[in-house]
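Below: one structure, written as structure tokens.
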There are 2 protein chains.
Amino acid sequence: MAVSREQIVTRAIEHLNQAPAASMAEIAQAAGVHRATLHRHFATREELIVALGWRAHEAWQRVHDEIGLDAALRTGERVEETLHALLVAHIEVAEEHGFALTEHLVGINPELVRRAEELEAREIELIEACQRAGVLRADLPPRWVSNTVYGLLVAVRESLRRGDVARRDTSRLLLETFLRGTS
Amino acid sequence: MAVSREQIVTRAIEHLNQAPAASMAEIAQAAGVHRATLHRHFATREELIVALGWRAHEAWQRVHDEIGLDAALRTGERVEETLHALLVAHIEVAEEHGFALTEHLVGINPELVRRAEELEAREIELIEACQRAGVLRADLPPRWVSNTVYGLLVAVRESLRRGDVARRDTSRLLLETFLRGTS
DNA sequence: CGAAATTGCGACATCCTTGTCGCATTCTAT
DNA sequence: ATAGAATGCGACAAGGATGTCGCAATTTCG
């Protein structure tokens, strides 16, 4: 059967997760499609990368939807549960779209950058709400806390890659470490 | 005056920190040396990258020396101070040799990988010693804790790059977050 | 001062990647 | 069944990066 455009994106993401510097030829092969066909869907490499970026951002947005981030920000209620749900959900997304954690090519597209900033801003709002509610300590800059989440996701990714921890332990380790630290 | 081999390595590191995908031509220019001369010092790109890797590992080893990691491991004393010193020192090294945090090319050289594992093993020993001494909680896998440090260094790097935190605050933020978490 | 080593410089070949095209084949939908 | 669209395939050109070389100029060192 034919390989849809969406499938190509999916498989490209999978492959780029393992070989971040893969060429268009490699990606095409991994997607089960001829190189020319890949170019018919995405005229240039950058176009493909940007498409992957959008896919990742859609998943990110879906996370925000599913955990009810908007409602929490509006009402100021259930911020703690929302924060926990956000962290756990991030693990899944980061595992699948982790390439975006490193891929600097995504940072080229202005719209994508703006979208990322919007999404990040919402999470920072949540962090601030948690600080006001006493769920998170207020003496740490919100943006630092946000970057901490990012860094710990990198740690999760690395731990899984090296086989240091079991997948089912990652939620607990991330939450515990993020919230209570290591001492 | 002539540019020594060591200077080339230093400047190459500086430049690759800002442009991780720089070509040999770019690196040569940044080092103030003709491209042919760069190739006379390092026949191939991989050879250069490996040299940068060794440089980074030397700095890493020096950190272990300066904080007296060996003595702490042997005697089991002052493990807490040693841990703190290690974290703070890592910030400096990570800032200078941060490219190695991402650079996958370093992972090609077997000797370099082995050296990194040795150095990492010593830090894990320290973590375990801290757990035995009650300085670190014992319910987290030592390797996870080690990866946490790595992840938080990524967070520091990112925070500085984006201007989210002041340089002089990084030590405090890293220590606080690592030890006591965010809640 | 003079020989040896090092560097700058430009040229060259090679390889890899990217992007495009024409054509034959296959699939799809009417 | 058949027309139109999508795909596979191979070839091509262009561009960039890598690595090498010879030669002239410069530096270094005895």
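Hydrogens, waters and symmetry mates are skipped; everything else that's a heavy atom, side chains included, is used. We name chains A, B, ... by the order of the sequence lines, and we start the count at 1 in each one.
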Rounded to whole Å, the CD-C1' distance (B:Glu46 to D:dG19) equals 14 Å

Pick the nucleotide of DNA chain D nearest each of B:Ala43 and A:His34; which residue has the one closer to the 5' end? A:His34

Would you mind reading off the distance between B:Leu38 atom CG and C:dT6 atom C1', rounded to a whole angstrom? 15 Å

Any donor-acceptor N/O pair under 3.5 Å between D:dG19 base and B:Arg35 side chain: yes

Could you tell me the separation between the CZ atom of B:Arg5 and the P atom of C:dT7, rounded to a whole number of Å? 11 Å

Going by atom types only, do A:Arg115 and A:Gln61 share a side-chain donor-acceptor pair under 3.5 Å? yes

Quick check on D:dG19: is either OP1 or OP2 less than 4.0 Å from any side-chain nitrogen or oxygen of B:His39? yes

Please give, in whole Å, the distance from D:dA17 C1' to B:Arg45 CZ? 9 Å

What integer distance in Å separates A:Gln7:CD from D:dT7:P? 11 Å

Give the nucleotide from the list C:dT7, D:dT18, D:dC9 with an atom nearest to the side chain of A:Ala36. D:dC9

Return whichever of A:Glu26 or B:Ser4 has its heavy-atom-nearest nucleotide of DNA chain C closer to the 5' end. B:Ser4

Residues B:Glu176 and B:Arg172 bridged, charged N to O under 4.0 Å: no

Of all heavy-atom pairs between B:Phe42 and B:Val9, which one has the smallest distance, and what is that distance? CZ-CG2, 3.8 Å

Atom-pair distance (CD1 on B:Ile8; P on C:dT7), nearest Å: 7 Å

Looking at D:dG8, does its base get a donor-acceptor pair with the side chain of A:Arg40 below 3.5 Å? yes

Between A:Glu123 and A:His64, do the side chains contain an N or O donor and an N or O acceptor separated by less than 3.5 Å? yes

Looking just at side-chain N and O atoms, do A:Thr10 and A:Arg55 make a donor-acceptor pair shorter than 3.5 Å? yes

How many whole angstroms separate atom CD of A:Gln29 from atom C1' of D:dG8? 14 Å

What is the distance, rounded to the nearest whole Å, between atom NE2 of A:His41 and atom C1' of C:dT20? 16 Å

B:Gly32 or A:Met24: which one's nearest nucleotide on DNA chain C is closer to the 5' end? B:Gly32

